[in-house]
Amino acid sequence: MGNCAGRSDFEWVYTDQPHTQRRKEMLAKYPAIKDLMRPDPHIKWTVTGLVLSQLLACWLVQGLAWRWLFFWAYAFGGCVNHSLTLAIHDISHNTAFGTGRPAHNRWFAIFANLPVGVPYAASFKKYHVDHHRYLGGDGLDVDIPTHLEGWFFCTPARKLLWLVLQPFFYSLRPLCVNPKAVTRMEVLNTLVQLVVDAAIFALWGIKPVAYLLASSLLGLGLHPISGHFVAEHYMFLKGHETYSYYGPLNWITFNVGYHMEHHDFPSIPGCNLPLVRKIAPEYYDHLPQHHSWVKVLWDFVFEDSLGPYARVKRVCKLAEDRL
């Protein structure tokens, strides 16, 4: 599988994450940005359409040969399910019904979760808060790969395998890095998901269930949309830990590519993030940015300087208090 090359540790820094100070400066200079912190009026209907499209696909794949089932799971279902996970990401910031109705947002995220096939929404929200609050925080931000991932997945072949297995690492890493008690919403999320999976199986058999699971595993693995996993925070340029992408795939990913803008203002829904850049271009236009998520994946695999270790890490105050 080749010899390891490139980095042997993370990029350790001793400064706070940059987004907190940027947020203060930008709000002082452009108070109109606060007007963008409102619910997305369209996300409810977009998500409902995506969920219904996958239910229709479940009915359509009943008679498909397995090879065609997996083809459509990658080409169509993978795009839809990946888009739904990014809708769940947006909804985790209370962008569907606003901050005044958190329960509505949580239950709607569980609804968006249904075609994914496995319970995801409630656990994601629980850990995603820490990703914003403690960006790069050692033992707190579970978006950061483990030392074992960095040590082992260090050759092109192994990094390619790591990309294929992304759904498993994102699911299991929190249990190893920062385990938390199971919440009531996670139990409810699991029960609802199992009931729906069982209903689909009872109505249409095993192939629709396999289609949904394959859509998630393939769509969140080595897939063009999955380039955002690497593009957002892997250190392509020293000194920069968050990057934006302004290309067309934002149209089907709830503008997750506007990631610098998102970390500056997590409470602004994806539909309004382009307006942040429009209001304050001098804060974004000079920053390094990605132009292709496919190229991001290519560079990640074949550049020695890139790999799971190519992340900025810091020790946050909460982590220090635990010691």
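The basis for the numbers below is simple: all heavy atoms, side chains too, and nothing from hydrogens, waters or symmetry mates. Note that this is a predicted model, so its numbers are computed, not measured. Numbers here simply count residues along the sequence, with the first being 1.
For the pair R22 and Y283, the cation does not sit on the ring face, since its NZ or CZ is not both under 6.0 Å from the ring centre and inside 45° of the axis. For the pair R173 and Y127, the cation-pi test (distance below 6.0 Å, angle within 45°) is failed. For the pair K34 and F265, the cation-pi test (distance below 6.0 Å, angle within 45°) is failed. K313 forms a cation-pi arrangement with F10, by the criterion of a distance under 6.0 Å to the ring centre and an angle within 45° of the ring axis.
When side chains are defined from C-beta on, I33 counts as touching M26, because their heavy atoms get closer than 4.5 Å. No side-chain heavy atom of V196 sits less than 4.5 Å from a side-chain heavy atom of F201. Proximity of K44 to H104: side-chain heavy atoms (C-beta onward) are nowhere separated by under 4.5 Å. By the 4.5 Å heavy-atom criterion applied to side chains, R314 and Y14 are not counted as neighbours. Counting heavy atoms from C-beta on, the side chains of W12 and D138 come closer than 4.5 Å.
For the atom pair CG of N81 and CG of L212, the computed distance is 6.5 Å after rounding to the nearest 0.5 Å. For the atom pair CG (L36) and CG (L275), the distance works out to 5.5 Å, reported to the nearest 0.5 Å.
Classification of the Y243-F236 ring pair by plane angle, with boundaries at 30° and 60°, yields perpendicular.
Salt bridge absent: E186 and K125 never bring a charged side-chain N and a carboxylate O closer than 4.0 Å. A salt bridge does not link E11 with R311: every distance from a Lys NZ or Arg NE/NH1/NH2 to an Asp or Glu carboxylate oxygen is 4.0 Å or more. Salt-bridge formation is detected for the pair D285/R277: a Lys NZ or Arg NE/NH1/NH2 atom is positioned less than 4.0 Å from an Asp or Glu carboxylate oxygen.
You'll find the ring centres of F153 and F169 inside the 6.0 Å limit. The six-membered or imidazole ring of F300 lies near that of W162, with a centre-to-centre distance under 6.0 Å. A centroid separation of less than 6.0 Å is found between the aromatic rings of F302 and W298. If you look at F229 and H82, their ring centroids are closer than 6.0 Å.
The two residues Q166 and L220 have their closest heavy-atom pair at CB-O, 3.6 Å. For the pair H128 and H132, the tightest heavy-atom approach, listed with the atom from each and the gap, is NE2-NE2, 3.0 Å.
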(request) Begin with the C-alpha distance, continue with both residues' side-chain angles, and end with the deciding distance and a verdict on side-chain contact (heavy atoms from CB on, under 4.5 Å) for Y245 and M260. (result) CA-CA 9 Å; Y245 156 82; M260 194 74 183; over 6 Å; no

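Between the side chains of H19 and H262, no donor-acceptor pair of N or O atoms lies under 3.5 Å. A donor-acceptor contact under 3.5 angstrom links the side chains of H233 and H131, judged on distance only. No side-chain donor from either of Y309 and E149 sits under 3.5 Å from a side-chain acceptor of the other.
A donor-acceptor pair under 3.5 Å is absent between the side-chain atoms of N113 and the main chain of P119, judged by distance alone. Checked by atom type and distance alone, the side chain of S226 pairs as donor or acceptor with a backbone atom of G219 at under 3.5 Å.
The environment of CH2 in W66 is crowded: more than 12 heavy-atom neighbours from other residues, nucleotides or ligands sit within 6.0 Å.
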